[in-house]
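One structure is given here, and the rest of the page talks about it.
Each chain gets a letter, A, B and so on, in the order the sequences are listed, and its residues count up from 1. Side chains included, hydrogens not; waters and symmetry mates left out as well; all remaining heavy atoms used.
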Amino acid sequence: MEGSVRVRFAPSPTGLLHIGGLRTALYNYLFAKGNDGTFVLRIEDTDQARYVEGAEEDIQRSLKWAGMDVDEGPENPGDVGPYRQSERKDMYEQYAEQLVEQGNAYYAFDTPEELDQMRERLKKSGNPSPKYDAITRMSMKNSLTLPEEEVERKLEEGEEYVIRLKVPRRETIRFEDEVRGFVSFESKGLDDQVLLKSDGMPTYHLANVVDDHLMKISHVIRGEEWLSSTPKHILMYEYFGWEPPKMAHLPLIMSPSGGKLSKRKAESEGIPINTKDYIEQKFEPEALVNFLAYLGWSPGDDSEIHSLGELCEMFSLDRVSKGGAVFDYKKLIWYNEHYLREKSADELWPRVQEIAKEHDLDPDEEYMKQIIPLMKERVSKVEDFVTMGRFFFEDPEEYEDKAAKKWNDDSAELLEAYVEKIEDLDEGAFEAKTLKDKIKEVIEEYDVGFGPVMMPLRVAISGMGYGPDLTPTIELLGKETTIRRIETAIEKLG
RNA sequence: GCCGCGUUCGUCUAGGGGUUUAGGACGCCGCCCUUUCACGGCGGUAGCACGGGUUCGAAUCCCGUACGCGGUACCA
């Protein structure tokens, strides 16, 4: 249908899917789904040297994990495939040739060494950014400067060549960006971009224009790093006589220390960089999605929490912000905690069980489902149920320094008194309320506050200075375990 | 260097000439709840980069400066 929305997420399989890439995918997805459109996945694997095995699978897995269903892609092709550029190789050449025939592109035979020399030469003569452009191309080896017969001969002899876009000398290229408004560039600042590489593969610039047209893409939503090359793309649409899709360039995700959030920076600042990391660290996908949606976009009201489905309804390109957005890890954690608390023990159990197994624990389902509600209000990530809750399964081996400091001179005496009181309790009477009453009895008898009993007790039971509500915890642990841990603590801490 | 894009609390942002003593969220701080750890509730902290215009009036429009970011490949 003419006029229908079709967007594409077009990552290059050169590594694991970056968190910034995931956000680009998300904005494309939200825009598509909010406009009854189609979300296309296209793999841009034209750089054979940088291809990474398994990267495509990682992209698919990541999108799926985040809840984004691909309408058309390598795994579920529509009728404009194939969806991997390497499989479309033959299509690009004819378009590049078309441009040559029309006089909008030309063959160039310069070797990489010759290009380097040209750049060196220009740099030495004071040009800091040498370009293969309307001026320099006249002194290079290409079909514009060489005699026609020589060009023919080189082509026939199979000499390596590239096809370059013939950028006009003086022309203003203006286009409207959906997030930034009108943007214009002077063609003299552009270089004669290589369209077809000597290995026969197209560059990104050719491939994305040809594919977006052939795949009937209505809106190109991509990162701001592409803004500068958009005029070249606009030129090509013009030469092909195609109507360009609408363009939308998203602000970059920045590192807290400034600059594009790169792998290196993110890691040194403790921010996971790949979607895979978030999956492995057991983040709630809803949290990451919600967080990412708000990183560079906002609905304009005061709301903060929205599901993927709601975001689809609310999203619009004109509410995307223009400035770069710093990745706020703490806010992500806040989102994660929020979504965790919304989930029931039944929902959480299978995941907790899996994580427990990774930690060599094999929790009983009923037992764990009693622990989960006790801890839900204080975990940041689902794996905390296992790590922070480890004492539910085994006696603390040592006591956290900070926790041990809460152990005072009279702690042993107070806990001894407590043990005496609970020792006589029947199994049936060993429940939270009674256990709490017994604490009260101790503090009254010794005329101390709640803390002096509670804190050492918590330390003895869990080895930590914080954690779930204590008496229900003790109830769950049972009499034998509780007394044993108290006795151990008295022994160890004096 | 050149080209382009940007700049509202520490961070994400609302606000697009008078409704603003610039709103919300995260963080941080305090109080309440809780005779424990939290959750939660309430409150506080903190911002229109700077300089010129335009206007009765500018965070909002224009110009300049500064700063930041991106691009400047036979990478995407």
Spacing of the [atom1] atoms in [M] and [N] (rounded, Å):
| N | M | atom1 | result |
| --- | --- | --- | --- |
| B:C9 | B:U65 | P | 23 Å |
| B:G30 | B:C39 | P | 14 Å |
| B:G10 | B:G16 | C1' | 26 Å |
| B:G27 | B:A46 | C1' | 11 Å |
| B:C2 | B:C56 | C1' | 44 Å |
| B:G57 | B:G71 | C1' | 41 Å |
| B:C61 | B:U19 | P | 16 Å |
| B:G53 | B:A58 | C1' | 12 Å |

Send over the distance from [X] [atom1] to [N] [atom2], rounded to a whole Å.
| X | N | atom1 | atom2 | value |
| --- | --- | --- | --- | --- |
| A:His233 | B:G4 | NE2 | C1' | 14 Å |
| A:Asp177 | B:C5 | CG | P | 10 Å |
| A:Lys322 | B:G70 | NZ | C1' | 17 Å |
| A:Glu342 | B:G40 | CD | P | 12 Å |
| A:Glu441 | B:U35 | CD | P | 17 Å |
| A:Leu470 | B:U35 | CG | P | 13 Å |
| A:Glu337 | B:C26 | CD | P | 11 Å |
| A:Met455 | B:U35 | CE | P | 15 Å |

Watson-Crick/G-U partner (both atom distances under 3.5 Å) of [N]:
| N | answer |
| --- | --- |
| B:U19 | none |
| B:G64 | B:C50 |
| B:G71 | B:C2 |
| B:A14 | none |
| B:G57 | none |
| B:C33 | none |

Answer with base, sugar-phosphate or nothing: what part of the nucleic acid does [X] contact at a heavy-atom distance below 4.0 Å?
| X | result |
| --- | --- |
| A:Phe450 | base |
| A:Ser184 | sugar-phosphate |
| A:Val453 | nothing |
| A:Ile443 | base |
| A:Gly223 | nothing |

**Request:** Specify the residue among A:Gly449 and A:Tyr335 whose closest nucleotide of RNA chain B lies further upstream toward the 5′ end.
**Result:** A:Tyr335
**Request:** For A:Val183 and for A:Thr471, locate the closest nucleotide of RNA chain B by heavy-atom distance; then report the residue assigned to the nucleotide nearer the 5' terminus.
**Result:** A:Val183
Side chains of [X] and [Y]: is there a donor and an acceptor less than 3.5 Å apart?
| X | Y | value |
| --- | --- | --- |
| A:Tyr92 | A:Glu97 | no |
| A:Asp410 | A:Tyr446 | no |
| A:Thr203 | A:Gln193 | no |

For [range], give me one character per nucleotide, 5' to 3': B if any protein heavy atom sits under 4.0 Å from the base, S if the only such contacts are to the sugar-phosphate, - if neither.
| range | result |
| --- | --- |
| nucleotides 71-76 of chain B | SBSBBB |
| nucleotides 41-46 of chain B | ------ |
| nucleotides 9-21 of chain B | --BBSSS------ |

With ring centroids as reference points, do [X] and [Y] lie under 6.0 angstrom apart?
| X | Y | value |
| --- | --- | --- |
| A:Phe327 | A:Phe291 | yes |
| A:His213 | A:Tyr237 | no |
| A:Tyr27 | A:Phe315 | yes |

List the residues meeting side chain to side chain donor-acceptor pair (under 3.5 Å) with [X], not counting sequence neighbours, and say none if there are none.
| X | value |
| --- | --- |
| A:Asp133 | A:Thr136 |
| A:His306 | A:Ser303, A:Glu310 |
| A:Thr471 | none |

Salt bridge between [X] and [Y], side-chain N to carboxylate O under 4.0 Å?
| X | Y | result |
| --- | --- | --- |
| A:Arg164 | A:Asp191 | no |
| A:Glu87 | A:Arg84 | yes |
| A:Asp211 | A:Arg42 | yes |

**Item:** Nearest non-hydrogen partners of A:Arg341 and A:Val379, listed with the distance
**Value:** NH2-O, 3.9 Å
**Message:** By the rule that syn is within 90° of 0, classify the base conformation of B:C50 as syn or anti.
**Reply:** anti
**Message:** Looking at A:Phe109, I'd like to know if the NZ or CZ of A:Lys154 sits under 6.0 Å from its six-membered ring centre while staying within 45 degrees of the ring's axis.
**Reply:** yes
